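Predicted model, so just to flag it, every value in this text is computed and none were measured. Numbers here simply count residues along the sequence, with the first being 1.
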Amino acid sequence: MAAALLGGQVSAGSRAAAAGSLPCDLYAAGGTPCVAAHSTTRALYSAYSGRLYQVKRASDGSVRDIGALGAGGYADAAAQDAFCAGTSCLITVLYDQSGRGNHLTQAPPGGFQGPAAGGYDNLAEASAAPVTVGGHKAYGVFIAPGTGYRNNNTNGIATGDRPEGMYAVLDGTHYNGGCCFDYGNAETNSRDNGNGTMETIYFGNSKSWGYGTGNGPWVMADLENGLFSGVNRGYNANNPSVGHRFLTAVVKGEPNHWAIRSGNAQSGGLSTSYDGPRPNATGYNPMKKEGAIILGIGGDNSNGSAGTFYEGVMTSGYPTAATENAVQADINAARYATSPVAGAPTTGSRVSLRATTTCCTNDYLRHNASDSNAVIAATSSSSPVADRAAATWIVRAGLGDASCVSFESADKPGQYLRHYDYRLRVDSIGDGLSRLDATFCPQAGHRGQGISLRSANYPSDFVRHYNYATYIAGHGGPNAWDSATAWADDTTWVVTSPWA
């Protein structure tokens, strides 16, 4: 499909990709062509000018395909921004650029249920992972726990013990120990079908099955019933912790041979942490791969993981190191860079959060004195000391996701802003669920100023004031506080100097 039909015209700012220069061109030249190619940031073939991904708008449920800005170009992020202005969007489809139709959509229930309707997994919020690529704005796929994508009916993906390769570009600072942030080959029935029925890239710091040196995170292979960092179950000394902001992760396998490689996606080459025979454990030689594709989840739909995906491919055949090195050089040339959210609070700072709706521009987010509920209320330099303290927050690294933030009450140390039954309140934090409830991810403000705060575990819900109470709220929905009226204004906040 032409870029013009997808909201983007070829311009002087689009990438002029030399023929044969992009990852899937390089794999094809090496005799191991891509059979799946997914990216929300750029084309992965120099001749590709079609759809990259699809977004769905909360305000009216309509969808929009986001394409590349010309052949071999970057994503048309401006089309997403225009389509999603004043509301929120979810990523509903990651299109396969290989022509085989191996698109990724909302993962269905399997051995584990997802949190969305019907046991499906959540979809990623479309603006949650802004970056620049080649100087152009783009968005990654921000996987919060409970979020996942899958295709159980694929074309051309390796099965059995057939050879394959895969790489992914990830946010090397966004991870957790939940199972399992994977990209690659999995079971076609969303169940655990035994050792060797998967072959995926895994990224995170889980030590439940395998690990390497340091405290993680590690690039490992999920081969089902085992995250392997090398030939042994458990510890393998040659697999290092990695910490690159943009990480290239590689896994490949063929009969009784597999490898793990990784590197800095912004500069330099790939290092090899393992290259040798299949694990010395029963069930992995020969492999029994089934050929589904997953992103952000385990093969049985285990969905407790976190991570961010920018691009990745799967190949037919076992790629050479030379081919992978050429792909890594292209990834370096793509110039991935961070795109900080303007006005976002800084970890460790003391802040207050001012409402932006016309009615309430002198009102700040605070907790009540009489109960634990959070509200908005007028606050000024003449307010009582206790009221100013109640409207002040200490910004902490996100308790449930360190790439986001949590807000500790300045006058109730150890208590944090969290949602409970959608209502916001201050509370002591205990288990993993409450830690996610107390974690919010700053994004560009829905009304073109300030920030909006997305719930870490309800990706389409944002911190909102409604009738002076505060909630996490979607744009339209079954609850009164989901009202579409003034939603963009009510979910937009300005970070100010602290009142106390």
>> side-chain hydrogen bond (donor to acceptor under 3.5 Å, both in side chains), that's the test. Do S406 and R396 meet it? Break it down for me.
In response: CA-CA 5 Å; S406 294; R396 306 297 187 191; over 6 Å; no
>> The test is ring pair (Phe, Tyr, Trp, His ring centres under 6.0 Å); show your working for H419 and Y458 and say whether it passes.
In response: CA-CA 10 Å; H419 63 83; Y458 287 79; 5.5 Å; yes
> Is there a side-chain contact between F112 and I297 (heavy atoms, below 4.5 Å)?
Replying inline: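 They are not in contact (no side-chain heavy atoms under 4.5 Å apart), so the answer is no.
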>> In the structure I gave you, are the side-chain heavy atoms of T105 and Y120 within less than 4.5 Å of one another anywhere?
In response: no
> C34: what forms a disulfide (SG to SG under 2.5 Å) with it, not counting sequence neighbours?
Replying inline: C24
> What pairs with C84 under disulfide (SG to SG under 2.5 Å), at least two apart in sequence or on another chain?
Replying inline: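 Counting only residues at least two positions away or on another chain, C84 forms a disulfide (SG to SG under 2.5 Å) with C89.
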> Under the disulfide (SG to SG under 2.5 Å) rule, what pairs show up with a residue in residues 397-428, not counting sequence neighbours?
Replying inline: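 Non-adjacent pairs meeting disulfide (SG to SG under 2.5 Å): C404-C441.
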Answer yes if the side chains of [X] and [Y] hold a donor-acceptor pair under 3.5 Å, and no otherwise.
X	Y	result
H38	Y149	no
Y471	D490	no
H475	S88	no
T92	Q54	yes
Y167	Q328	no

>> Using the rule given for side-chain contact (heavy atoms from CB on, under 4.5 Å), can you reason through S262 versus L247, listing the C-alpha separation, both sets of side-chain angles and the distance that settles it, and then say yes or no?
In response: CA-CA 7 Å; S262 65; L247 169 72; 4.3 Å; yes
Spell out, as yes or no, whether a donor-acceptor pair under 3.5 Å connects the side chain of [X] to the backbone of [Y].
X	Y	answer
S352	T496	no
W487	G474	yes
T491	S452	no
N303	T147	no
N205	W218	no
W493	V463	yes
Q266	Y336	yes
N176	A306	yes
T338	P340	no
N189	R191	yes

> Looking only at heavy atoms, which two atoms of Y45 and A37 are closest? And how far apart?
Replying inline: CE1-CB, 4.3 Å
> What orientation do F203 and Y175 show, parallel under 30°, tilted 30 to 60°, or perpendicular over 60°?
Replying inline: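 The arrangement is perpendicular - the two ring planes meet at more than 60°.
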> Aromatic rings F142 and H174: how do their planes relate, parallel, tilted or perpendicular, breaks at 30° and 60°?
Replying inline: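 Plane angle under 30°, so parallel.
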> Can you check salt bridge (charged side-chain N to carboxylate O under 4.0 Å, His left out) on R150 and D121, steps first, answer last?
Replying inline: CA-CA 10 Å; R150 194 176 195 118; D121 292 341; over 6 Å; no
Could you give the distance from [atom1] ([X]) to [atom2] ([Y]), rounded to the nearest 0.5 Å?
X	Y	atom1	atom2	value
S190	N152	OG	CG	4.0 Å
I157	I293	CD1	CD1	4.0 Å
Y416	T439	OH	OG1	10.0 Å
Y183	I294	OH	CD1	11.0 Å
R464	D489	CZ	CG	9.5 Å
T379	L353	OG1	CG	11.0 Å

> What's the verdict on side-chain hydrogen bond (donor to acceptor under 3.5 Å, both in side chains) for N457 and D437, showing C-alpha distance, side-chain angles and the deciding distance?
Replying inline: CA-CA 7 Å; N457 51 352; D437 291 347; 2.8 Å; yes
Taking atom [atom1] as the centre, does [X] end up with more than 12 heavy-atom neighbours from other residues, nucleotides or ligands that are less than 6.0 angstrom away?
X	atom1	answer
N215	CG	no
N479	CG	yes
K412	NZ	yes

> Can you list the steps and then say if Y139 with T41 is a side-chain contact (heavy atoms from CB on, under 4.5 Å)?
Replying inline: CA-CA 6 Å; Y139 294 100; T41 64; over 6 Å; no
> Given F246 and Y310, is the ring pair (Phe, Tyr, Trp, His ring centres under 6.0 Å) satisfied, shown in steps?
Replying inline: CA-CA 9 Å; F246 294 97; Y310 302 108; 5.4 Å; yes
State which residues pass salt bridge (charged side-chain N to carboxylate O under 4.0 Å, His left out) with [X]; sequence neighbours excluded, sorted by chain then number.
X	value
E311	R42
R435	none
D363	none

> When H367 is tested against each of T470, D411, N373 for side-chain hydrogen bond (donor to acceptor under 3.5 Å, both in side chains), which residue passes?
Replying inline: D411
With sequence neighbours excluded, what pairs up with [X] under the side-chain contact (heavy atoms from CB on, under 4.5 Å) test?
X	answer
T132	A337, S339
T173	D171, R245
D431	L433, S434
H103	R51, V93, Y95, D96

> Does a salt bridge link R423 with D421, judged by any charged N lying under 4.0 Å from a carboxylate O?
Replying inline: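 The answer is no: the pair does not qualify as a salt bridge.
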>> Taking side-chain contact (heavy atoms from CB on, under 4.5 Å) as the criterion, tell me which of L94, I91, V141 meets it with L104.
In response: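 Among the candidates, only L94 passes.
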Sequence neighbours left out, cut at 3.5 Å: what donor-acceptor pairs do the side chains of residues 341-351 make with other protein atoms?
{"from": "S349", "atom 1": "OG", "to": "T346", "atom 2": "O", "distance (Å)": "2.5"}
{"from": "R350", "atom 1": "NE", "to": "A500", "atom 2": "O", "distance (Å)": "3.3"}
{"from": "R350", "atom 1": "NH2", "to": "A500", "atom 2": "O", "distance (Å)": "3.3"}

> Listed by chain and number, what are the side-chain hydrogen bond (donor to acceptor under 3.5 Å, both in side chains) partners of R388, not counting sequence neighbours?
Replying inline: none
